[in-house]
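The analysis underlying the following values was restricted to heavy atoms, covering all of them including side chains, and did not include hydrogens, waters or symmetry mates.
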Amino acid sequence: MKKSILQIVCVLLFAMTTMAIRCDDDFPGENEYVMSEDNVPQEYYHTTISASYFQQCIVGYGWKLDESWKINADGVASLYIINGESEFIPKDLYFDKDSITLFLFKQNINERQSDAYTYDVSKNLIVSKVVDYMQLAYADSTNIKLIERIGNSYYANYYERMLPYELNALWNGSKPEDK
């Protein structure tokens with residue numbers, strides 16, 4: 001009797017372990033993305049970020065780039081080291097209720113580009129002429145994560161909310177882009 005109970009427990013433990021390993025393999029990790037039919041990386045779990053939450057947590061604040069992860073064609077992201085020879089130009093962001101401003105740091109010149117934007121709640125997309133592709137993947141009161149297309153590549157960019165003096169320094173230290 002004791003032997004049969006031990007055998008049942010062993011079989012159940014083996015089955016549960018196998019299921020846990022198999023389930024873990026089915027879901028992307030933190031730095032893995034699912035590629036859409038258009039080859040655009042998507043978060044595995046798409047969470048809609050409402051317009052009111054967007055207005056409350058993002059609008060009226062500056063956002064500084066904290067780190068960037070380049071997403072390859074298989075949907076796996078690796079930490080991206082910015083160098084002068086890449087298509088990636090570091091930028092910080094500012095959103096007001098109807099326009100987005102990008103603070104670009106290129107060739108020792110701090111420029112800013114501003115344009116109107118719309119926020120598509122169904123896809124968490126920020127649509128504007130100054131961004132190629134920008135999808136809000138995560139937001140709270142101090143951090144946002146954006147999936148962005150820059151050149152021909154996609155990046156998962158993590159931004160941290162700026163302090164007011166940091167935002168003021170950006171406005172004062174940059175000039176509008178020459179058009």
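For the residue pair S122 and D120, a side-chain donor N or O sits within less than 3.5 Å of a side-chain acceptor on the partner.
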Legend entry - Trace of the side chain to side chain contact (heavy atoms under 4.5 Å, CB included) decision for E43 with N124: CA-CA 11 Å; E43 290 280 318; N124 296 343; over 6 Å; no

Inset, instruction - Please report the C-alpha distance between E166 and K64 in whole Å, then the side-chain angles of each, then the deciding distance to 0.1 Å, and finally whether the side chain to side chain contact (heavy atoms under 4.5 Å, CB included) criterion is met. - result: CA-CA 9 Å; E166 293 173 307; K64 60 185 171 186; 2.6 Å; yes

Inset, instruction - Mind running side-chain hydrogen bond (donor to acceptor under 3.5 Å, both in side chains) on Y138 and D140 for me, showing each step along the way? - result: CA-CA 7 Å; Y138 172 81; D140 66 22; 2.7 Å; yes

Legend entry - Residue pair Y61, Y94: steps toward the side chain to side chain contact (heavy atoms under 4.5 Å, CB included) verdict: CA-CA 6 Å; Y61 300 105; Y94 173 77; 5.7 Å; no

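A donor-acceptor pair under 3.5 Å is absent between the side-chain atoms of N157 and the main chain of L146, judged by distance alone. Judged purely by atom type and a 3.5 angstrom limit, Y53 uses its side chain to pair as donor or acceptor with the backbone of A139. T48 places no side-chain N or O within 3.5 Å of a backbone atom of S50 that could act as its donor or acceptor partner. Side-chain N or O atoms of R161 include one that pairs as donor or acceptor with a backbone N or O of S141 at under 3.5 Å. A donor-acceptor contact shorter than 3.5 Å is absent between the side chain of E148 and the backbone of Y154. With D74 contributing its side chain and V76 its backbone, the two residues share no donor-acceptor pair below 3.5 Å. Remark: side-chain polar atoms of R112 are paired, donor with acceptor, to backbone N or O of W171 under 3.5 angstrom. Side chain of D132 to backbone of I150: no donor-acceptor contact under 3.5 angstrom is found. One N or O on the side chain of D96 and one on the backbone of D98 form a donor-acceptor pair closer than 3.5 Å. Of the possible polar contacts, one joining the W63 side chain to the I58 backbone as a donor-acceptor pair under 3.5 Å is found.
Within the 6.0 Å centre-distance limit, the rings of Y80 and Y155 are counted as a close aromatic pair.
Between atom CD of residue E160 and atom CG of residue D92 there is a gap of 10.5 Å, rounded to the nearest 0.5 Å. Atoms CD and CZ, from Q135 and R149 in turn, are 12.0 Å apart once rounded to the nearest 0.5 Å. Note that OH of Y158 and OG of S68 are 9.5 Å apart. Values are rounded to the nearest 0.5 Å.
With contacts defined as side-chain heavy-atom distances shorter than 4.5 Å, the pair N110/L104 does not qualify. Residues F103 and L167 are in side-chain contact: their nearest non-hydrogen atoms beyond the backbone lie under 4.5 Å apart.
When every heavy atom of A77 is checked against every heavy atom of I71, the shortest pair comes out as CB-CG1, 4.0 Å. A pairwise comparison of heavy atoms in Q42 and S36 identifies CG-CB, 4.2 Å as the closest pair. What you find for Y117 and Q55 is that their closest heavy atoms are OH-NE2, 4.3 Å.
Each of L102, L170, I126 was compared with L93 under the side-chain contact (heavy atoms from CB on, under 4.5 Å) criterion, and only L102 meets it.
At a threshold of 4.0 Å, the pair K91-E111 does not count as salt-bridged, since none of the basic side-chain nitrogens sits closer than that to a carboxylate oxygen. Using a 4.0 Å cut-off between a side-chain N of Lys or Arg and a carboxylate O of Asp or Glu, D115 and K129 do not qualify as a salt bridge.
Residues V130 and M134 share a hydrophobic cluster, clusters being chains of Ile/Leu/Val/Met/Phe/Trp/Tyr side chains in contact below 4.5 Å.
Residues passing the ring pair (Phe, Tyr, Trp, His ring centres under 6.0 Å) test with Y119 are F54, sequence neighbours excluded.
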